[in-house]
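For reference, the structure is listed below as structure tokens.
Small disclaimer: the values here were computed from a predicted structure and weren't measured.
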Amino acid sequence: MVALPAGFPDASGIRLTAAELLALRDQATGRGKHRPLTRRAGAVPARMPGAGMDLREIRAYVAGDDPRRLDPAATARTGHPHIRSLHEDRDDTVLLLADFRAPMLWGTGAALRSVRAARHLAQAGWTVALRGGSVAALMAGTRLAELRGSGGDGQMAAVCHALARQHDQALAAPGHAPLSEALARAMRLSPSGGRVLVATCLDGLEGAEPALAALVRRRSVTLALMLDDAEIRPPLGPLAVSDGQNSRLARLGAPDLSAEVTRLRALGATVAEIAP
């Protein structure tokens with residue numbers, strides 16, 4: 001663990017622990033594993049029948065089946081038409097990109113945006129790992145840190161510890177670099193056909209849209225936007241705002257995020273607004 005500045009609260013919702021991320025394994029919705037033909041990490045058997053490489057089943061022909069799939073050997077052996085159904089292995093890989101920069105180290109509810117982002121990513125990672133997929137991690141905070149993709153519980157344990165460690169470092173020394181550097185790195189870290197799950201906030205994307213547009217052209221990208229309580233249910237009464245010398249009363253209004261979300265979707269990203 002990184003030593004936090006003196007007086008910094010060591011409390012749930014502010015300090016992120018590996019233990020809470022490891023505990024999310026039991027909440028993940030992983031499916032049972034089915035062994036693919038290849039031993040490549042992240043390869044899982046496709047669920048859909050089709051023109052793949054691996055035999056799914058040979059069964060009796062029924063009306064409506066594609067006659068091009070007739071299996072000559074089974075048909076000759078049984079004297080009745082039989083068809084073969086194939087499926088192919090597909091890659092189930094995800095890169096978890098955690099934004100731990102200064103805009104995310106903030107929150108008015110029970111947890112900082114950054115803590116909620118890590119929890120969201122860990123739960124998604126556990127879901128992929130439990131169904132036999134491959135998980136990689138990229139953390140943007142004080143500096144970029146990465147964990148290359150692999151599968152299994154051991155990999156997800158390493159991801160959980162890395163998220164907690166990098167979050168501590170971000171709390172001790174918040175980073176302010178644009179997210180564009182992390183998005184460019186995600187392109188190189190995520191394999192072709194892989195998915196990238198980015199946990200950030202709208203103001204965290206400032207100046208990063210060109211890099212995001214380049215990434216979504218080559219990868220399947222989901223933006224998990226961490227909304228704060230103040231953005232969803234702002235206080236009804238006036239609030240005192242002070243810079244330490246001057247103060248005034250102000251009222252908060254719920255921002256209209258629809259135009260910005262629409263613009264991000266127009267780039268090709270899938271956008272999920274994550275409420276507290």
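Hydrophobic clustering of Ile, Leu, Val, Met, Phe, Trp and Tyr side chains at less than 4.5 Å, counting indirect connections, keeps L105 apart from L227. Connection of V221 to L179 is established within a shared hydrophobic cluster, with ILVMFWY side chains joined at heavy-atom distances below 4.5 Å, either directly or through further cluster members. L21 and M156 fall within a single hydrophobic cluster, where Ile, Leu, Val, Met, Phe, Trp and Tyr are joined by side-chain heavy atoms under 4.5 Å apart, directly or via other members. Hydrophobic clustering places L202 together with L215 (ILVMFWY residues linked when any side-chain heavy atoms are closer than 4.5 Å, directly or through intermediates).
Under a 3.5 Å cut-off, the side chain of S220 and the backbone N or O of V216 do not form any donor-acceptor pair. R219 places no side-chain N or O within 3.5 Å of a backbone atom of A214 that could act as its donor or acceptor partner. Panel note: side chain R15, backbone D168; no donor-acceptor pair is recorded below 3.5 Å. The backbone N or O of S258 sits nowhere less than 3.5 Å from a side-chain atom of R263 that would complete a donor-acceptor pair. Judged by distance alone, the side chain of R59 and the main-chain N or O of H82 form no donor-acceptor pair under 3.5 Å. E20 places a side-chain N or O within 3.5 Å of a backbone atom of T17 that can act as its donor or acceptor partner. Q166 places no side-chain N or O within 3.5 Å of a backbone atom of F100 that could act as its donor or acceptor partner. Of the possible polar contacts, one joining the S134 side chain to the S150 backbone as a donor-acceptor pair under 3.5 Å is found. Between the side chain of E146 and the backbone N or O of R185, no donor-acceptor pair lies under 3.5 Å. One N or O on the side chain of T142 and one on the backbone of Q169 form a donor-acceptor pair closer than 3.5 Å.
Shown here is L249, whose CG atom has more than 12 heavy atoms of other residues, nucleotides or ligands within 6.0 Å.
Heavy-atom minimum distance, A186 versus V196: CB-CG1, 4.4 Å.
Defined by atom type and a distance below 3.5 Å, a donor-acceptor pair is missing between the side-chain atoms of T75 and H80.
Between C201 and L225, every side-chain heavy-atom pair lies at or beyond the 4.5 Å cut-off. The side-chain heavy atoms of R251 and L239, taken from C-beta on, include no pair separated by under 4.5 Å. E209 is listed as a side-chain neighbour of L264, based on a closest heavy-atom distance under 4.5 Å. Taking 4.5 Å as the limit, every side-chain heavy atom of V135 sits out of range of all side-chain heavy atoms of W126. Between L197 and L95 the shortest side-chain heavy-atom distance does not fall below 4.5 Å. In this structure, the side chains of L147 and Q155 come closer than 4.5 Å at one or more pairs of heavy atoms. With contacts defined as side-chain heavy-atom distances shorter than 4.5 Å, the pair R218/S192 does not qualify. With contacts defined as side-chain heavy-atom distances shorter than 4.5 Å, the pair H167/S114 qualifies.
Distance CG/L212 to CG/L223: 5.5 Å, rounded to 0.5 Å.
Using a cutoff of 4.0 Å between basic side-chain nitrogens and carboxylate oxygens, R113 and D228 are not scored as salt-bridged.
Exactly one of T222, T93, T270, D92 qualifies for a side-chain hydrogen bond (donor to acceptor under 3.5 Å, both in side chains) with R195. That residue is D92.
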